[in-house]
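Any value given below was found using the heavy atoms of this structure, including those in side chains, with hydrogens, waters and symmetry copies removed. These numbers come from a predicted model, not from an experiment.
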2 protein chains.
Amino acid sequence: MDDEPQARGTGRAEPNGRATVGSLARRAGVSASTVSRALRNDPRISPEVRARIAALAVEAGYTPNVLARTLVGGRSGLIGLVLGPVENPFYAELMQQAVSQAAARGWRLLLLHAGPGPIEDATAEALLQYRVDGCLITSAELSSRAAAICAANGVPVVMVNRVAREHGCAVSCDNRAAGAELARLLVAAGHRKLAVITGNAATSTSIERAESFAAQAMAAGLPAPTIITGGASHAAGYAAGQAIAALPLAERPDAVFGVSDILAMGAMDALREAGLSIPGDISIVGTDGIGPASRPPYRMTTIAQPLAAMVGRGMDLLLARIGGAVLPQEVVLLRGTLIPRHSARLPPGMVPVS
Amino acid sequence: MDDEPQARGTGRAEPNGRATVGSLARRAGVSASTVSRALRNDPRISPEVRARIAALAVEAGYTPNVLARTLVGGRSGLIGLVLGPVENPFYAELMQQAVSQAAARGWRLLLLHAGPGPIEDATAEALLQYRVDGCLITSAELSSRAAAICAANGVPVVMVNRVAREHGCAVSCDNRAAGAELARLLVAAGHRKLAVITGNAATSTSIERAESFAAQAMAAGLPAPTIITGGASHAAGYAAGQAIAALPLAERPDAVFGVSDILAMGAMDALREAGLSIPGDISIVGTDGIGPASRPPYRMTTIAQPLAAMVGRGMDLLLARIGGAVLPQEVVLLRGTLIPRHSARLPPGMVPVS
DNA sequence: TTGAAAGCGCTACCAA
DNA sequence: TTGGTAGCGCTTTCAA
């Protein structure tokens, strides 16, 4: 293990490894406790001593060893991050938010998983091994093993864009409101035959959006929307679009709701390839508000999720529980924003963005 | 710290906190040393004892505290990850590769940065504070501060998709070969007036691709390609496309090389909006091989980077240096793969994919 | 084959 | 205002 020759970098002030509280104490002629306190700006340390130690620390290139600090009983400052398939830009955008907002709070992210499917068991262990203070989950599912680990060890969990079925808090877009709003929009625009492309069957997000969309359509007196099985990828949306294009004309919907933008984009690509014009022949709407959906080929009418706010609220929930406080599990629903664009025929008077 | 009411979840075997080597030792009636050795499968421990302790560990839900293990002198098992702007799916795809390949090697990723611009100084510190064993950088630039930190502290650094200017190893696609190959392709297809949309001016990736593209074009007897200033985003490509469309007809190129797919996609969107047909009026080619570039609206002719191999080689380089071994800095160039698609008129005999 | 002791770097408690 | 001591959880000599 350690018998390899240690090539400890170039001329650091500390000849033999990095500066420590101990080495600073020796050089300053004070005790380690004093150094520790001075470095943390403990008001009990005299200004002179504090300044001297601070200068010394800078000179020596001192960096506190967070691991040791954590060992003695504090927080690790680490948040476990679990991401869904980043083929969906939604997760990539969410990740970028998470990184910057975590940094703003002095936290670091331990990237545990990214991709489809649940966390592997071995990875879930890392969450304990590194003593993460909390966990931010955005994947389709927290593996039951990981969930058990968190629950059993008091690691707070917050799911973003998902409502947890078992353990933990959640921050989510108001998916029911979103589904209903899109249905109302399509109805008002004069559409009579709706279809919905479903997402991952196991996710609350997909279910809620699809259900409320259908319920609203029926409440408006339309027949139940045709249900097309989709998935979580562009490819799944594409396949769904092909299926729609293959429908006999009498059964073809005049408006389609893809429960996520990436899905709706796939469907749009397939429908256009089949020779249909959007929104001339068929209107398409999605949800999420991802960047690519706004670009010229798509100009997707969608409900944008308030991503920054969602991540922020998620971290608030985490922070409140990291102290060890026993708080009730909380579900926060944030309202999305309708962005009317050219992918759908719009109700009279509604003007598309851009 | 520990006097707060600990909501220690459900019936963990250890009533008061997590199981430790010490607690297992007490329960097994042996010393901590023995437990430590047994858990690490030290051959000196008798099979019976080892089995007994292993069983006990499982029963108690024991997880080693990596932080403590690191403290005593070992590796942290942490790799710092620095990502560029994830608006470019290339970085998102790279991240997914990095996560799975790191996990396969028993490493975890500390996500330090994601987005445009260099790491903030405060973030760079984290890399020392958490004692990362190495660093994987894919951002436009390692801030000079972060570079200095790594160099001064013997933290191995590998840049992926970038050739480091100062410190560290690099794994990159053979960008010169890629640029030249695309130029040859366009020339062979009969194009006479080429243009190139440049990327971030500071990155080796962009410079190499653009330079070799231009050199090859001129070597084939064409005039120097028009240089259009681009950037790193779809928006930058879009602006470049608008600039091209605004050119007087006599100056308009008949083929455009965007040094990255995302850039080329933006340009294509703008050119189409300006009423030009692709590849009828203008051929467009890119580089990277990102997923969205293969979809119907784009069908981008591109050179795909061998992402998995690049990440793998990057981790190899890191691994070799993490022991502390003093190895020369190494630059690994991997060859990309041409994927001819419909965004460009192709040379006779070359058939587009899909 | 096992145990005792020391120490990694840091903070907290109790004295002074 | 400062120092001494102990201990977080683990590994690793050195002894037995």
Side-chain angles (χ1 to χ4, degrees), chain A residues 1-4 6 8 12 14 16-53 57 60-77 128-131 133 153, chain B residues 1-4 6 14 16-53 57 60-77 125 128-131 153:
Chain A
M1 298 270 119
D2 277 332
D3 46 8
E4 287 152 311
Q6 283 290 331
R8 273 280 169 234
R12 226 324 105 262
E14 287 302 312
N16 191 24
R18 300 172 186 172
T20 70
V21 164
S23 72
L24 289 182
R26 240 171 290 118
R27 302 226 278 146
V30 297
S31 77
S33 324
T34 301
V35 171
S36 172
R37 288 192 272 249
L39 257 20
R40 321 200 87 214
N41 285 319
D42 189 310
R44 295 176 305 182
I45 300 297
S46 73
E48 306 86 56
V49 175
R50 214 190 303 176
R52 192 153 53 88
I53 294 179
Y62 170 78
T63 316
N65 187 327
V66 182
L67 279 45
R69 190 178 282 171
T70 302
L71 191 57
V72 62
R75 315 267 83 90
S76 67
L128 282 189
Q129 296 178 332
Y130 287 92
R131 298 296 191 266
D133 292 335
N153 292 275
Chain B
M1 296 284 106
D2 277 329
D3 48 6
E4 285 154 311
Q6 284 290 330
E14 287 301 313
N16 191 25
R18 299 173 187 172
T20 70
V21 164
S23 73
L24 288 181
R26 238 171 292 121
R27 299 228 278 145
V30 297
S31 78
S33 330
T34 301
V35 171
S36 172
R37 288 192 270 250
L39 256 21
R40 320 200 90 215
N41 284 319
D42 189 311
R44 296 176 305 184
I45 301 296
S46 72
E48 306 84 56
V49 176
R50 215 191 302 176
R52 194 153 51 88
I53 294 180
Y62 171 78
T63 315
N65 186 329
V66 182
L67 279 43
R69 188 178 285 172
T70 301
L71 191 57
V72 63
R75 315 266 83 91
S76 68
E125 305 265 295
L128 284 187
Q129 296 178 332
Y130 286 92
R131 298 296 191 264
N153 292 276

**OP:** For Y62(B) and dC10(D), give me the distance from atom OH to atom C1', rounded to whole Å.
**Re:** 7 Å
Original post:
What's the verdict on side chain to side chain contact (heavy atoms under 4.5 Å, CB included) for L39(B) and L24(B), showing C-alpha distance, side-chain angles and the deciding distance?
Top reply: CA-CA 11 Å; L39(B) 256 21; L24(B) 288 181; 4.2 Å; yes
Subject >> N/O (side chain, Y130(A)) to phosphate O (OP1/OP2, dG9(D)) under 4.0 Å >> reply: no
Original post:
Could you state the CG-C1' distance from L24(B) to dC10(D), rounded to the nearest angstrom?
Top reply: 12 Å
Original post:
By a strict heavy-atom criterion of less than 4.0 Å, which residues belonging to residues 41-51 of chain A are in contact with DNA chain D?
Top reply: R44(A), I45(A), S46(A), V49(A)
Original post:
For the side chain of R50(B) and the backbone of I45(B), is there at least one donor-acceptor N/O pair under 3.5 Å apart?
Top reply: yes
**OP:** Please report the closest heavy-atom contact between R75(B) and T70(B), naming both atoms and the distance.
**Re:** O-OG1, 3.3 Å
**OP:** Round to the nearest Å and state the distance from L128(A) atom CG to dG9(D) atom C1'.
**Re:** 15 Å
**OP:** Scan side-chain atoms only and decide if T34(A) and S31(A) contain a donor-acceptor pair under the 3.5 Å cut-off.
**Re:** yes
**OP:** Could you check N65(A) against R131(B) for side chain to side chain contact (heavy atoms under 4.5 Å, CB included), going step by step and ending with a plain yes or no?
**Re:** CA-CA 7 Å; N65(A) 187 327; R131(B) 298 296 191 264; 3.6 Å; yes
Original post:
How long is the line joining CZ of R27(B) and P of dG9(D), in whole Å?
Top reply: 15 Å
Subject >> R40(A) (side chain) donor-acceptor with R37(A) (main chain) under 3.5 angstrom >> reply: no
Subject >> Between the first and last five pairs of the helix from dT1(C)-dA16(D) to dA16(C)-dT1(D), the angle of the axes, rounded to 10 degrees >> reply: 40°
**OP:** Taking all non-hydrogen atoms of both residues into account, name the closest pair between A38(A) and I53(A) and its distance.
**Re:** CB-CD1, 3.7 Å
Original post:
Do you know which two heavy atoms are closest between Y130(A) and L67(B), and how far apart they sit?
Top reply: CA-CD1, 3.7 Å
Original post:
Whole-Å distance between dT11(C) P and R69(A) CZ?
Top reply: 4 Å
Subject >> Least distance between heavy atoms, V66(B) atom then S76(B) atom >> reply: CG1-O, 3.8 Å
Subject >> Between C1' of dG7(C) and CG of L67(B), the distance in whole Å >> reply: 17 Å
Subject >> Considering all heavy atoms, the nearest L71(A)-A68(B) contact >> reply: CD1-CB, 3.7 Å
**OP:** Starting from P on dC10(C), measure out to CZ on R75(A) and report it in whole angstrom.
**Re:** 19 Å
Subject >> Test log, rule side chain to side chain contact (heavy atoms under 4.5 Å, CB included), inputs R18(A) and L128(B) >> reply: CA-CA 10 Å; R18(A) 300 172 186 172; L128(B) 284 187; 3.8 Å; yes
Subject >> Interatomic distance, L71(A) CG vs dC10(D) C1' [rounded to whole Å] >> reply: 8 Å
Subject >> Positions of residues 31-39 of chain B (non-hydrogen atom under 4.0 Å from DNA chain C), listed by number >> reply: S31(B), S33(B), T34(B), R37(B)
